[in-house]
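To start, the structure itself, in structure tokens.
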Amino acid sequence: MAKVQDRKLNDLLITGDQTYTSIDSSVDRLILNQKLHGKGWNILFLIGISLTGLLGVSIFWLLYQGIGIWGNNVPSAWGFDIINFVWWIGIGHAGTLISAILLLMRQQWRNSINRFAEAMTIFAVMCAGLYPILHTGRPWNAYWLFPYPNILAMWPQFRSPLMWDVAAVSTYFSVSAVFWFVGLIPDFATLRDKSTNKYGKVIFGTLAMGWRGSNQHWHRYEQMYLLLAGLSTPLVLSVHSIVSFDFAISIVPGWNVTVFPPYFVAGAVFAGFAMVMTWGLPLRKFYNLKHLITDRHIDWMCKITLATGLIVFYGYLLEIFYSWYSGNFYEFKLLMKTRFTGIYAPMYWLLIFCNGIAPQIFWVPKYRRHEPTIIVVCFLISVGMWLERFVIIPMSLTNNYLPSSDKPYYPSFWDVAMFTGTIGLFITLMMLFIRFLPVINIFEVKDLFYKMGGKKEIVEEVGANS
Amino acid sequence: MAHDWSDPSGLWGLVGEFEKPEDLMKAAEAAKHKGFRKMDAYSPFPIHGLSEAIGFRDNRVPWTVFIFGLIGVTCGYSLEYYTAVIDYPMNVGGRPLNSVPAFIPVAYEATILCAAFSAAIGMFVYNKLPKPYHPIFNAKNFERATQDRFFLAVEAEDPVYDAKVIEKVMKDNGAVEVSECDY
Amino acid sequence: MSEAVISNAPVDTEKPKFFNYKGITTILGGVGFLGLVAFLSVGSGDTHKFMLNSYMYGYIFWLMVTCGCLALTLLHNSIKSSWTLPVLRIFEAGSGWMTWGMLAIGLVPLILKTDVVYEWARPEAASDFILSRKAAFLNKPVFAGVILGGYALFAFMANTLRKSTNRHDKSGDANEYQFRTNFATPMMVIFVSVLTFVLTLLAMSLTPKWYSTIYTLWLLIGGCQAALSMAIFLVTRNAAKQPYANVMAPGLTKDLGNMMFVLTMLWGYTSVSQLIILWNGNLPETTVFYAHRGADAMLGWNLIGASTILGCFVIPFVTLLSPRVKRYADRLALIAAFIFCFRILDVYWIIGASIPSRMSPQAFGPSSIFDAIGWIVMALAWFAVMLNNVEKAPLIPLYDKRLEEAKNNAH
């Protein structure tokens, strides 16, 4: 029988002797004291901005030459563009999950990680959005996707999941942006009142929109915040479900799978939490935020990663079993000839390792607090979730009903360049965010601090009678 | 009685500064019992129960969201119906013109979009934000209202405004400082 | 909050309602169930055939309630939630080893007369192209082995947790808590995985060529909805009686209502996902599930389907959105009862329409009487076991005082 785990020092939601002022300053010094950002920031930013340059070059070349520079061609009309689209949008989902679902479930540990997770959401969706727009081939006509009265006398085809995608992703981006911005307003007010130089005062003063912390304002603010959370929760579920419909409602082998919606959502959250930890662990280390992002937070995030990872793994199990049980020749052929064996098989088995086996280490409490392990596992998960989309897209498209589909897919140089470029864009935006916006939700952490009110624990303690 | 903005001076109200949210809450409750109505509290984070203490109730935001959600779903589905059935009917794989299961996702997203924007915009509208200038910003030490202090302000326009009573209520409940605030 | 009154009835100490029907349900349920099982196991002829087909519906409905109870027990123990405490004992009692034993006995006629219900068990299946490919899984030994093995495993899970809570009640040893968490979390994974195979054999293979990967989750969420609404009904109707009066608070009813809301959303989500995917895919082998359920008919499956959209999703969704419903125990009891009634219809729509001899748009016919009889007998038997089981421990766990503290600290 397992013992009640020993409570280590850094195990509360906020540690150390804190006051409201110390909480303020531990977050806002990142903005108000620009000298704090040293060489590390410069190097990462430089890497990010260079890769963003690569993205610019690839986009230029793409527009100049057309999408023929990519590796996707019939039968694999979808390649890196959709793989990366789904990968990025999945990464974004943890942000919404943390800010919305955990808020509704009154999980107060979310308060110190939601801000940068939300930022990640927005940046990831930006990276994701690039792909379908560019894949249209004529991005300057991308507005045709929206229903507007036009002289062509045509309307978008709303029976198509690609149109659902347009609706879902644009809604998701705008609602996440609104959620993020309204969440920032009280913090902008704090920064306005704390900044000493003129620019800071003017910029944050403008952004704060005259927020004065009035109780009436807070009253409506909280109502709105809760409602936004309530709306974002079904939204985040629907977005990745709709992304999964892109595949699931077609009849390609391996795609017409009814469990895709929940399985995609779980996968998205899985990848997203891995990415939150990939950023969160260095962030708290290099900017001394361990008293606000504690081991308890990391522990919880690992648990959620494990849980969602198990759902994803269950999805793989279902795919295997039902592709046989269906009695459908093509489904089973896909499984045996393309996934288990064949030229892509290593990617399938690597996927099983990264998503199925590696996260199981989080069953052991010790490793949920061991930073190097977590970083490695999170990296593997990011790779694994990318592979999952690879397994779904080119593998199914190159093993289809017709022998003519039997033609492998290889990415081109520009596919890889553009993918690296979006990673660069993501890094650049994150670095700018760390430097110029509060990375932790100041007012919510103060709220949490108040609710803890000197008590050691806000989380209901296990074994209440002990 | 509205303030005459041509007069640059004039008393806006009395502002008390507190160190603890509990004190603010007690003072607000006491002031409410004394009959003050035109008052508001200012704090760096939302304080649960403060609205009840002050006697403030407003459910317009949830109702706005509900109504806009209904508008969203109606508009979303109507758009699909109009484009796919009336204006541009097209046979797609033998599916009916009004393909209900296929029209669920867009109508759903339209609902969320309308409801979410109405929540955020509603909050701004009902709060009368953005508002770059407000007399409370003139209050002493008020920059700490977004940091670590808690303020209670009773406006001079309150029908039963009485500086002495208010000051006593605030001081009795732990105000560290009570000061007048001008327009 | 001045409206903190939960129920207007005065607090009294007599035994909670509904829990004192133990004697009569035990007699009726025991006799009815054993009689029915015996008849189905050895009988023959048309009545027997009708009855056995109809029995599937009642059996699977109560199996899903049991699974829902077990799933929620496992969930409670893995996340240590406090709001489940008042309903925990009902879940434990509803998924104890005795219930699994009863379900195992109830499986006997299905094992003996597999071919009456399942097409794949008939000799013709061997010559069918698709069914012959599935024969390695869809056959009698696997059917009996997997399902009975699954029940044994589920009974073991439930029993281990139940024993631990009982020990915990007596000793107050907080290590038990950690033990249950460590046990329940992996068990949840195993439970869902094994249940997938159990339900594929038992329910999905009623339409042997049809398959849907979300099926287990869909049914399990429905089962959880049924289990939770039943438990909430029992608890909230007894809000004024001990021991529930000790813990009833607006915060608790709100949490219970919210959980029901979440399950309602999930049920809608899984249902609509499956519909959108199969409807748009438009393949004959998968749309067979919706073809006769959606066809035009007077009092047909389409009517039941439409009413479950309203009764299992729209109405609970709108009602549970309102904080005013969730604050009062009596109102919550009403909506819980409503949801439970529509769960009965929904399972009828899922299982009833899958029974091979009923693959027509007509939902009701002479066999509906048999459906009702089968359901009622199973219901009596299930409640008999549950009520006998629930008595063996205090209705609210003694070891965890969080709810009582929450109630005392409020206001």
Side-chain angles (χ1 to χ4, degrees), chain A residues 1-5 101 104-106 159-161 164 230 233-234 237-238 241-242 244-245 247-252 255-263 265 303 306-307 310-311 313-315 317-319 321-329 331-332 363 365 459-466, chain C residues 78 80 82 129-134 136-138 168 172-179 181-182 185-186 188-189 192-193 196-197 200 204 208-209 211-218 258 262 265-266 269-270 272-274 276-283 285-286 321 398-402 405-406:
Chain A
M1 198 179 300
K3 284 243 164 138
V4 176
Q5 208 182 297
I101 301 184
L104 294 180
M105 289 164 72
R106 284 174 282 146
R159 290 183 198 85
S160 160
W164 306 348
T233 305
L237 288 183
S238 77
S241 302
I242 286 174
S244 82
F245 288 153
F247 309 104
I249 74 159
S250 72
I251 53 172
V252 175
W255 286 11
N256 191 10
V257 178
T258 48
V259 84
F260 260 21
Y263 154 66
V265 171
K303 282 180 184 163
L306 176 63
L310 286 167
I311 300 178
F313 200 33
Y314 174 67
L317 184 87
L318 290 180
E319 279 185 329
F321 176 66
Y322 285 103
S323 74
W324 175 80
Y325 178 83
S326 68
N328 183 320
F329 173 74
E331 294 278 349
F332 195 54
W363 285 105
V459 175
E460 286 161 340
E461 194 43 83
V462 168
N465 58 352
S466 62
Chain C
S78 32
K80 299 172 190 154
S82 65
F129 177 71
I130 291 180
L131 292 187
S132 60
R133 290 170 67 90
K134 296 183 177 196
F137 184 66
L138 293 183
H168 199 165
D173 178 7
N175 281 329
E176 295 285 347
Y177 234 130
Q178 194 62 40
F179 162 73
T181 307
N182 295 348
T185 317
M188 188 130 75
V189 180
V192 176
S193 311
T196 306
F197 298 104
T200 303
M204 197 197 288
K209 291 179 192 171
Y211 62 96
S212 166
T213 39
I214 206 173
Y215 193 74
T216 309
L217 289 180
W218 186 36
N258 282 342
V262 168
M265 297 269 282
L266 285 177
Y269 172 65
T270 43
V272 87
S273 295
Q274 181 177 289
I276 289 180
I277 291 169
L278 298 187
W279 188 87
N280 280 290
N282 207 15
L283 290 172
E285 74 223 55
T286 47
L321 212 52
L398 302 172
Y399 55 81
D400 200 321
K401 299 283 176 208
R402 278 180 291 173
E405 277 163 20

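Proteins come first, then strands; the chains are lettered A, B, ... in the order of their sequence lines, and each starts at number 1.
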Under 3.5 Å, side chain of C/Ser273 to main-chain N/O of A/Pro261, donor-acceptor pair present?
-> no
Residue among A/Phe260, A/Phe321, A/Phe313 with most heavy-atom pairs under 4.5 Å to chain C | A/Phe321
Let me know if C/Thr185 has heavy atoms under 4.5 Å from chain A in its side chain, its backbone, both or neither.
-> both
Side chain / backbone / both / neither for C/Leu266 at chain A, heavy atoms under 4.5 Å | neither
Give, as side chain, backbone, both or neither, the part of A/Trp255 having an atom under 4.5 angstrom from any heavy atom of chain C.
-> neither
ring-ring contact (aromatic ring centres under 6.0 Å, His included) with C/Tyr211: which residues, sequence neighbours excluded?
-> none
Side chain / backbone / both / neither for C/Val262 at chain A, heavy atoms under 4.5 Å | neither
Could you give me the CA-CA distance, side-chain angles and deciding distance for A/Tyr314 and C/Val189, then say whether side-chain contact (heavy atoms from CB on, under 4.5 Å) is met?
-> CA-CA 8 Å; A/Tyr314 174 67; C/Val189 180; over 6 Å; no
Drop me the distance from A/Ser244's OG to C/Ile277's CD1, to the nearest 0.5 angstrom.
-> 5.5 Å
Partner of A/Asn328 under side-chain hydrogen bond (donor to acceptor under 3.5 Å, both in side chains), picked from C/Glu285, C/Arg133, C/Lys209, is C/Glu285
Given side chains that start at C-beta, do those of C/Trp218 and A/Val259 come closer than 4.5 Å, heavy atoms only?
-> no
Just by distance, with hydrogens left out, do C/Thr200 and A/Tyr322 show a side-chain donor and acceptor under 3.5 Å apart?
-> yes
Check: A/Thr258 side chain, C/Gln274 main-chain N or O, donor-acceptor pair, under 3.5 Å = no
Cut-off 3.5 Å, side chains only: do C/Thr213 and A/Tyr263 have a donor facing an acceptor?
-> no
Segment of C/Leu283 engaging chain A (4.5 angstrom heavy-atom cut-off) = side chain
How long is the gap from CG on A/Asn256 to CG on C/Leu278, to the nearest 0.5 Å?
-> 6.5 Å
Sorted by chain and number, sequence neighbours left out, side chain to side chain donor-acceptor pair (under 3.5 Å) with A/Tyr325 holds for none
Heaviest contributor of heavy-atom pairs below 4.5 Å to chain A, chosen from C/Leu217, C/Val192, C/Thr216, is C/Val192
Please state whether the side chain, the backbone, both or neither of A/Leu310 comes within less than 4.5 Å of a heavy atom of chain C.
-> side chain
When rounded to the nearest 0.5 angstrom, what distance separates CG in A/Leu317 from CZ in C/Phe197?
-> 5.0 Å
Residue A/Val252 versus chain C: region with a heavy atom under 4.5 Å | neither
Going by heavy atoms in the side chains, are A/Pro234 and C/Tyr269 under 4.5 Å from each other?
-> no
